[in-house]
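The structure presented is a predicted model; accordingly, all values stated were derived computationally and were not measured. All heavy atoms count here, side chains included; hydrogens, waters and symmetry mates do not.
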Number of protein chains: 2
Amino acid sequence: MSGRFTPRSRRETRATVLESLLRTGGAFRPSIARETNLTGASISRILTELRKENIIQETRRPAPYVGGPTALVTLSKDVAVAGIELSNSRLSFGVGDLDGTLDYVERMPASSQLSQDEFEILFRQSAANMRDWTRGRDVTIRQAAVSIPGYGRGTGNPIFAWDMARLTAFLEETLHGIPVSVTNSVVAQAAFHRYSISTAYPVADDHLFLFVGHGVAGVIVDETAPIDAFMAFELGHMVIQREGLPCRCGHKGCVEAYTSLRAISKILGIADSEILRRGDAFIEMLNLDGAMRAALRERLFLLGLGLGNALNLHPLSSVVVSGWPSLMPEADRRSILDGLNESLLGGYDENRLHLSFIAPSIGNDPRAALYYAAYCFVRGGGLDTRAETPAALQEIA
Amino acid sequence: MSGRFTPRSRRETRATVLESLLRTGGAFRPSIARETNLTGASISRILTELRKENIIQETRRPAPYVGGPTALVTLSKDVAVAGIELSNSRLSFGVGDLDGTLDYVERMPASSQLSQDEFEILFRQSAANMRDWTRGRDVTIRQAAVSIPGYGRGTGNPIFAWDMARLTAFLEETLHGIPVSVTNSVVAQAAFHRYSISTAYPVADDHLFLFVGHGVAGVIVDETAPIDAFMAFELGHMVIQREGLPCRCGHKGCVEAYTSLRAISKILGIADSEILRRGDAFIEMLNLDGAMRAALRERLFLLGLGLGNALNLHPLSSVVVSGWPSLMPEADRRSILDGLNESLLGGYDENRLHLSFIAPSIGNDPRAALYYAAYCFVRGGGLDTRAETPAALQEIA
DNA sequence: TCGTAATATTTACACTGTGTAATTATTGTG
DNA sequence: CACAATAATTACACAGTGTAAATATTACGA
C-alpha cells in the first residue's frame, strides 16, 4: 500500500506479526499477511520460527471457504507476563497469558500518599509472593509492566514524587532481571480499553483518551504509533481560573481542584472511593439534590474548558472520556460541551469533535498493566531484550 | 551505539547522510560515518551514488592529521530549492541552494486577512515570475516548501481559514509538479533557527520553540524526530481568563488577546508592524512610560501562565522564545517566570526549566521556508518523490 | 627527495531479510 | 473421488549492510 518495501529486521517483523495477533486475538494467515503488509511467504517463515519458540499456537478450524485456511494462529497460552498496577488505593500484582487471562492476582491496600520507601516494602512483599507462585508452578515470566499514576518523563511525577533512577534499579533488582517496563496508568488504561479484545471501544481513529479520577490525565491514542511511545497528558494541573480553588499541587485554579474525585466528593458529601463504586447508583443521589447537580454541572463545564484548551494545543477530532463524568446523565454531560464551546477554537461543533464516554474502570486492576506487559513482550518480537545475538535464537532452535 | 543494526532502504540511508551534511554544512567522511552510525564502506557507496547525481560535492582540503581525509563533502551548490513564505504582511518567494544561499527573492505585500481567492491570485503571479527566472537561468527546482501561519492538520487553520484540499491541488498545479510540502510557519522558523548553520541557537536538546508574534504558537523540537513530523502547538487560543479580553477567534480571554503584537500595539499606541521593526529601539519607549511597561509586564505574566499550562501537558526542560518578548529588558522578562510559577507544576525552578530568548526574525523571509525545502529534499534522499523505481536511478547513472 | 607510519577509500564477499514464483498440500463441493 | 480454489512451503533473485582485505593518500622526518 505505502512505499514499495520497507526493510525490517527480524525482530521488527516478528513484532509486527505478533502485534497483529495481539490486536485481533487470533487470525488465519491470509488476514495476517494483509494486516501486516507482508507476503504469505514471509508470514510462513516468521510463524515457523515463532512456533518453534512456543510463542504462537495453531488450532485447526473448519476452512471459512473452499480451499481456505484451517489453522487459526493465536498467541501461545504458555507465555506468562506480569502486570503490576499502583492506584491511589492499592498495589496489585497479576500474572497471566498474552490473552489477558489472569491466573494469579494479589491486591494490597496502599495509601494514596505512598512514599518511595513504603512502596518498596509493599512491592518487595508482593513480588516475593508472586515469585513463590511462579516457582511453584514452574512459570517463567517473560515480561513485566508496572503502571503508576502520574508517571512520565521530564519534570517528575506530580502524584508520587519519587526518584526515577532508584525506581528503575529497584524494579530490576526485585524482579530478578525480568524485563520490566514502567508506564503511566492512563497509558495502560487507554491501551487496554482501546486494543484489548476483552473491551468494546467507541472510536477507531486517533483520539484523546481522557481519564477523570483522582487525577485528570489523558493520552493521545495515535493509531500509527507504538503504544509504548504514548505520552501521558497531564490535564489536571492546567490553571483555568486565576486565584481559583486551591489544588494539592500548591497552585490555585487547576482543573483537578474542580473535577477530581476528591473535589466532587466534597460536593456530594461522600468519600471519593464511594463514587466509582456506586457506579450508576450514584446518579440517584443527583435526583434527590438539585444543588449538587448544578454544582457538578459547573465542574463539568470547567472540565470542558480545560479540555478545549488542550485540544487547541493538540487538535484531534475524537475524545473518549472515562471516569466519573461517564456516570452522569447525558443532560449533565452536555455541560462539558458548553465548556468546550468557550475554549475550543471555532467553538464546539459535533461535526468536528466527537465526544464519547466509557464506563470508568473500577476493580479491573491489574488487567491494564497486564495488557501493557503483553504489548511490550510482543513489541520486542518475543525476543529476550537482553539476548540480541543470533546465538540465543539458535539455542532455542 | 543502539541495537546492532537497523536495516534501511537506500532512500533512508541517503537521507540520513544528506541530513547530516545539511546540519553540519559539510564534513569529512569519517565524521559523517560517526554521525550516521554507518561504516566507511557504506558512506563510500552512498557518496559515489550521490556524486554521480550531482547532489554532493567534494572539495580538497589539507588533511587535518597524518593520513587524514582530504575531501570535504558538502551539498552541491547546483541543487535548487524554493522557499515560499506567507506572513501576515507579505508573500515571499525565494530560490536558493541547499546551503541556504538565496539567489532569487520576490516579496509581495499581502493582507493579514487574505482570502483563499486573493492568495491564489497573488501566488500565481509570483510563481510565474519565479518560473521566468528559473527558466532564464536553466535552473530546475527540485523541491519547494510553503510555510503558512496557523497551518496544521485537524480542525482547520485559525488564521487563514482555507480549504486544504484546494490549497494542495492549487500548489500542485501552479508549481507545475515541483514536489511541494506545506508547513506551519512556526515549524519552519524553529527548524531554521535550530538547525541552519547560519544561525546561532541557545539549546541543543529537546525543547519548546515559542513564537510570539501576531499569533502565539510553538513547536516541540524533538531532536530525534524528523523535522517534517513536527507539529505546531497553537498556544494563542488557550483561554487563561474566563470572561477576559475578546479575541479575534470569538472567544474571550485567549493568550493571544493579551500577548499578540496586535494586543500590545494597543498598549504602546504604535502599529503592530512597527514593534519588531524598531527592534531594540523599542525598549526606549518603555523607559519613557512606566505605565506601558507595567502593562507589558502583566502581559508577559499571562504568557508565562499559558506557557506553564502548555508545559504541564507536555513537560520539557527548555523553552526558546522568539518574538517581541525577546526585545524586552531582562528585568521585564522575569514576569514570564512569575506567570510560569503560578501554573507550571511544582512552580518555576531554574534548575528544571531553562528559558532562553532569541531575536525575533524580521525580514528573513523566505529563508525559513527555503531551509525547510532543503530539509524536505534531503529527507527524501534527494530522490524524486514521484520516481520510486530503480529505473529512474539508472537513467541518471 | 624519499620512505614510512597512519589513516582513508574502495571493493570482494558473507550475511540478513525480503518478494516472486514454482511446487506441494489441503479444502469443500458436486 | 475428482476438481477447482486457495493455502503453505521453499528455491531463487535481489537489495542493502558490515567485515576485512586491498589500495590509495597523507604529513612528517631523515
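- Contact of B/Arg11 with D/dG16 (side chain to base): no donor-acceptor pair of N or O atoms is detected under 3.5 Å.
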side-chain contact (heavy atoms from CB on, under 4.5 Å) evaluation trace for B/Ile55 with B/Arg14: CA-CA 11 Å; B/Ile55 294 176; B/Arg14 289 167 55 119; 3.8 Å; yes
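- Rounding to whole angstrom units, CG of residue B/Leu72 and P of C/dT9 are separated by 11 Å.
- Going from atom CZ of B/Arg61 over to atom P of D/dT26 covers 15 Å, rounded to whole Å.
- Here B/Thr48 lies out of heavy-atom contact (under 4.0 Å) with every strand.
- If you take CD of A/Glu58 and C1' of D/dA8, they are 10 Å apart, rounded to a whole angstrom.
- At a threshold of 4.0 angstrom between heavy atoms, the contacts of A/Phe28 with the nucleic acid are absent.
- The nearest whole Å value for the distance from the CZ atom in A/Arg60 to the P atom in C/dG28 is 9 Å.
- Remark: B/Glu35 does not engage B/Arg23 in a salt bridge, criterion side-chain N to carboxylate O under 4.0 Å.
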Do B/Phe209 and B/His193 pass the side-chain contact (heavy atoms from CB on, under 4.5 Å) test, and can you show the C-alpha distance, the side-chain angles, and the key distance before you say yes or no? CA-CA 10 Å; B/Phe209 175 87; B/His193 280 110; 4.1 Å; yes
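- Residue A/Arg8 contributes atom CZ, which lies 25 Å from atom P of C/dC15 at whole-angstrom precision.
- Residue B/Ala63 is classed as a sugar-phosphate contact, given heavy-atom separations below 4.0 Å to backbone atoms only.
- Residue-level contact check: B/Arg29 touches the backbone only, with heavy atoms under 4.0 Å from sugar-phosphate atoms and none from bases.
- If you check the side chains of A/Arg45 and A/Ser42, you find a donor sitting under 3.5 Å from an acceptor.
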